[in-house]
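Below is one structure; the comments refer to it alone.
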Amino acid sequence: MLTVRKAKRQDAEQLRELYFHHLTAFPPAEKQDMKKWESMIQSFEENLFYHLLVGEIGHKIVSSVTLVIIPNLTHNCRPYAVIENVVTHCDFRGNHIATTLMAHASEIARQADCYKIMLLTGSKKESTLHFYENCGFDQHIKTAFLKKI
């Protein structure tokens, strides 16, 4: 049974494991400061603009999606949202878990009166692009640029 909820401070270790499992091609070289992870996640819990959603089966976090709502002066002062860090553990892919989290994130954005949700992916895999299209995203509407710093 899948539970979708906002992440809590005590989820830090499970989230670190999920992200590192996902990032096996580029694992972080430096040791992780779990107090920083816990502090950041706790600040997200209380933030109305930052939603770190987790998908949990039993007591195991198997997926996450980050949604950030950004206040905006255009579009009649309606905010927009950005989705990042869409991650599902490989053992749980294909079970519509990320689709469920994306639907929750979209509903949060709708309730916040966002006029759009933006999403970037570094993946070129057809299955990933198809997944985002099935979630309602269109890769042909805008052109994205990224500057790494």
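Taken from CD1 in I69 to CD1 in I108, the straight-line distance is 7.0 Å, to the nearest 0.5 Å. The CG atom of D113 sits 8.5 Å away from the CG atom of N76 when rounded to the nearest 0.5 Å. For the atom pair OG of S39 and CZ of F44, the computed distance is 9.0 Å after rounding to the nearest 0.5 Å. Between I83 atom CD1 and Y132 atom OH the span is 8.5 Å, to the nearest 0.5 Å. Remark: L101 CG to T88 OG1 distance equals 7.0 Å, nearest 0.5 Å.
Applying the side-chain hydrogen bond (donor to acceptor under 3.5 Å, both in side chains) test to residues at least two apart or on different chains, the pairs with a partner in residues 136-149 are E133-Q139. The side-chain hydrogen bond (donor to acceptor under 3.5 Å, both in side chains) pairs that include a residue from residues 64-74 are Y19-S64, N72-T74, where partners are two or more places apart or lie in different chains.
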Apply side chain to side chain contact (heavy atoms under 4.5 Å, CB included) to residues W37 and R16 and explain how you reach the verdict. CA-CA 8 Å; W37 280 69; R16 185 192 67 79; 3.8 Å; yes
Take T121 and T128 through the test side chain to side chain contact (heavy atoms under 4.5 Å, CB included) and record every step on the way to the result. CA-CA 9 Å; T121 181; T128 302; 4.1 Å; yes
Between L15 and V54, does a side chain to side chain contact (heavy atoms under 4.5 Å, CB included) hold up when you go through it step by step? CA-CA 9 Å; L15 282 165; V54 296; 3.8 Å; yes
Please assess D11 against I61 for the test side chain to side chain contact (heavy atoms under 4.5 Å, CB included), listing each intermediate value before the final yes or no. CA-CA 8 Å; D11 297 328; I61 294 173; 3.6 Å; yes
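Nearest approach of R78 to C114, heavy atoms of both residues: NH2-O, 3.2 Å. Residue A81 comes nearest to L67 through the heavy atom pair CB-CD1, 3.5 Å, listed as atom of the first residue, atom of the second, then distance.
For H89, the side-chain contact (heavy atoms from CB on, under 4.5 Å) criterion is met by L18, H21, D91, F92, not counting sequence neighbours. Judged as a side-chain contact (heavy atoms from CB on, under 4.5 Å), and not counting sequence neighbours, the contacts of M118 are Y80, V82, K116. Partners of L120 according to the side-chain contact (heavy atoms from CB on, under 4.5 Å) rule, which considers only residues two or more places apart in sequence or in another chain, are E84, A144. In this view, F137 satisfies the ring-ring contact (aromatic ring centres under 6.0 Å, His included) rule with no residue, not counting sequence neighbours. Every residue two or more places apart in sequence or in another chain that forms a side-chain contact (heavy atoms from CB on, under 4.5 Å) with N47 is listed here: F49, Y50. Among residues two or more places apart in sequence or in another chain, the side-chain hydrogen bond (donor to acceptor under 3.5 Å, both in side chains) test is passed with R110 by E107. In this structure, the ring-ring contact (aromatic ring centres under 6.0 Å, His included) partners of H75, at least two apart in sequence or on a different chain, are Y115. Legend: residues meeting side-chain hydrogen bond (donor to acceptor under 3.5 Å, both in side chains) with S43, ordered by chain and number and at least two apart, are absent.
Summarising the local packing, CE of M40 is surrounded by 12 or fewer heavy atoms from other residues, nucleotides or ligands at distances under 6.0 Å. Within 6.0 Å of atom CD in E46, more than 12 heavy atoms from other residues, nucleotides or ligands are found, so the atom counts as buried in its surroundings.
Residues V68 and I117 do not share a hydrophobic cluster, clusters being chains of Ile/Leu/Val/Met/Phe/Trp/Tyr side chains in contact below 4.5 Å. Note: the hydrophobic cluster containing I97 does not contain L52 (ILVMFWY, side chain heavy atoms under 4.5 Å, direct or indirect links).
Side chain of S63 to backbone of V87: a donor-acceptor contact under 3.5 angstrom is found. Of the possible donor and acceptor atoms, none in the side chain of R9 sits under 3.5 Å from a partner among the backbone N and O of Q42. Q14 places a side-chain N or O within donor-acceptor distance of the main-chain N or O of H59, the cut-off being under 3.5 Å. Side-chain N or O atoms of S106 include one that pairs as donor or acceptor with a backbone N or O of M102 at under 3.5 Å.
Grouping Ile, Leu, Val, Met, Phe, Trp and Tyr residues whose side-chain heavy atoms lie under 4.5 Å apart, directly or via other members, leaves M1 alone, with no other cluster members. In the hydrophobic clustering, where aliphatic and aromatic side chains (Ile, Leu, Val, Met, Phe, Trp, Tyr) are joined below 4.5 Å either directly or transitively, L146 stands alone.
A salt bridge links E56 to R5: one of the charged nitrogens lies within less than 4.0 Å of a carboxylate oxygen.
Within the 4.5 Å cutoff, side-chain heavy atoms of L2 are placed close to those of T100. Two residues are said to be in side-chain contact when any heavy atoms from C-beta on lie closer than 4.5 Å; K6 and E45 fail this criterion.
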